[in-house]
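Beneath this line is the structure, given in structure tokens, with notes to follow.
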Amino acid sequence: MPELPEVETIKNELLPHVLGRKITGVAVFWDKMVKQPTAAEFCERVTGQKITNLTRRGKYLFFHLSSGEMLVMHMKMTGSLLINPPDAKFARAIFQLDNGAVMHFRDPRKFGKMWLAADESAVADKLGPEPLDNDFTVETLTKILRNRKAPVKPVLLDQAIIAGIGNMYADESLYEAKIHPVRPACSLSEVEIKRLYTAIRRVLRAAIKNKGASVRNYIRPDGDIGTAHAEFRVAHGTGKNCPRCGTLIKRIVVRGRGTYLCPKCQPEP
DNA sequence: CTATAGACCTGACGGC
DNA sequence: TGCCGTCAGGTCTATA
């Protein structure tokens with residue numbers, strides 16, 4: 001499932017293929033994936049535009065168009081963007097580029113979305129800080145957690161509080177910081193907040209280095225998989241043992257989300 | 001305000 | 001083999 005490291009990888013690897021390219025045609029096969037305007041108008045307005053930049057904010061991708069408009073995309077859970085794939089399986093939209101290449105928006109479950117916006121602020125303004133930015137400090141995280149009674153995991157998953165963390169990386173970060181996911185956010189000690197801060201940044205950076213985690217449907221633009229999941233220590237770890245203490249990894253449900261943890265390293269509150 | 005439930009979708013997987 | 005139920009989880013919307 002594309003989270004920050006996966007979307008960052010898609011952006012990085014797509015950039016050389018799309019930067020400066022003109023979109024010569026667009027076909028949409030699942031109209032509901034276009035939030036605005038209508039699918040037909042979307043195709044019309046995008047066709048002929050040059051892609052002047054490609055950026056990421058949280059789990060969103062922004063194709064900067066020469067018209068000044070922004071083409072926004074979200075992969076949701078099973079979306080991927082592929083350059084010249086071998087087939088059109090699950091292709092919900094296809095973009096033709098002026099160098100003859102094609103970009104497929106592949107999405108088995110049809111949750112992915114794209115739309116046109118005047119700029120990125122409508123999306124970006126609703127998001128919390130980027131956890132890998134320089135101005136995201138221990139103090140930032142301390143303020144975020146201080147007054148919230150909610151379990152710490154859902155706080156990490158709330159895009160309006162911190163942008164880009166999803167289910168897998170929340171579990172990995174909490175494991176590394178030795179914090180149980182249902183601990184009230186405000187109950188974390190100074191030392192634990194410091195550990196969580198370091199863990200979030202290390203886990204996300206390592207995953208970007210490994211080009212994302214291909215646990216399910218995530219594929220890189222060239223069709224290769226990412227390898228970040230090889231370093232997962234609890235996420236999707238049913239039947240595995242904790243690499244620190246050997247205890248069997250446990251699966252619980254927190255606010256409706258499958259959650260993996262080591263019951264010994266992450267003691268229940 | 002928070003907190004929870006449902007909706008959106010379909011492939012994969014387990015049980016029989 | 002094949003049918004059926006359940007699960008997966010990002011985000012938006014509706015309801016308590």
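Chain letters run A, B, ... following the sequence lines, proteins first, then strands; residues in each count from 1.
Between Lys59(A) and Glu3(A) no salt bridge is recorded (no basic side-chain N to carboxylate O distance below 4.0 Å). Glu41(A) and Arg45(A) are joined by a salt bridge, as a carboxylate oxygen and a charged side-chain nitrogen come within less than 4.0 angstrom of each other. With salt bridges taken as basic N to acidic carboxylate O contacts below 4.0 Å, none links Arg92(A) and Asp107(A). Here Glu176(A) does not pair with Arg195(A) in a salt bridge; the nearest charged N to carboxylate O distance is not below 4.0 Å. Between Glu130(A) and Arg57(A), at least one side-chain N (NZ, or NE/NH1/NH2) sits under 4.0 Å from a carboxylate O, which counts as a salt bridge.
In this structure, CD1 of Ile10(A) is placed 14 Å from P of dG10(C), rounded to the nearest angstrom. Between the CZ atom of Arg251(A) and the C1' atom of dC13(B) there is a distance of 14 Å, rounded to whole Å. Taking atom CD on Gln159(A) and atom P on dG9(C), their separation rounds to 15 Å, with Å as the unit. If you measure from atom OH of Tyr218(A) to atom P of dG10(C), you get 15 Å, rounded to the nearest angstrom. Look at CE on Met114(A): it is 21 Å from P on dC8(B), rounded to the nearest Å. The distance from atom CD1 of Ile161(A) to atom C1' of dT11(C) is 14 Å, rounded to the nearest whole Å. Note: CG (Asp171(A)) to C1' (dA8(C)) measures 13 Å, nearest angstrom. Distance, Arg106(A) CZ to dT10(B) P: 14 Å, rounded to whole Å.
Comparing the P positions of dT13(C) and dC9(B) gives a spacing of 14 Å, expressed to the nearest Å. Of the P atoms belonging to dA5(B) and dC7(C), the separation is 15 Å, rounded to the nearest Å.
The nucleotide whose nearest atom lies closest to any side-chain atom of Pro108(A) is, among dT11(C), dC8(B), dG11(B), dG11(B). Between dA8(C), dC8(B), dG10(C), one nucleotide has an atom nearer to the side chain of Arg109(A) than all others, and that is dA8(C).
An aromatic stack links Phe111(A) and the base of dC8(B), using centre distance under 5.5 Å and interplanar angle under 30°.
Put simply, His74(A) has no side-chain N or O that comes within less than 4.0 Å of OP1 or OP2 on dG10(C).
No side-chain N or O of Gln96(A) forms a donor-acceptor pair with one of Thr24(A) less than 3.5 Å apart.
Backbone-only contact: Lys59(A) has heavy atoms under 4.0 Å from sugar-phosphate atoms and none from a base.
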Point to revise | Sugar-phosphate or base contact per nucleotide [nucleotides 1-6 of chain B; S, B, -; heavy atom under 4.0 Å] | key: --SS--
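The nearest heavy atom of DNA chain C to Met77(A) and to Lys126(A) marks one nucleotide each, and the one closer to the 5' end goes with Met77(A). Taking the nucleotide of DNA chain B with the nearest heavy atom to each of Phe90(A) and Lys76(A), the more 5' of the two is matched to Lys76(A).
Here Tyr60(A) pairs with nothing under the side chain to side chain donor-acceptor pair (under 3.5 Å) rule; sequence neighbours left out.
Taking the ring axis of Tyr175(A) as reference, the NZ or CZ atom of Arg244(A) stays within 45° of it and closer than 6.0 Å to the ring centre.
For Tyr169(A) and Phe232(A), the distance between ring centers is under 6.0 angstrom.
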Practice item. Report the secondary structure of DNA chain C in dot-bracket form, marking unpaired bases with a dot and bases paired to a different strand with |, and treating Watson-Crick or G-U pairs with both distances under 3.5 Å as paired. Key: .|||||||.|||||||
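For NZ of Lys11(A), the number of neighbouring non-hydrogen atoms (other residues, nucleotides, ligands) closer than 6.0 Å is greater than 12.
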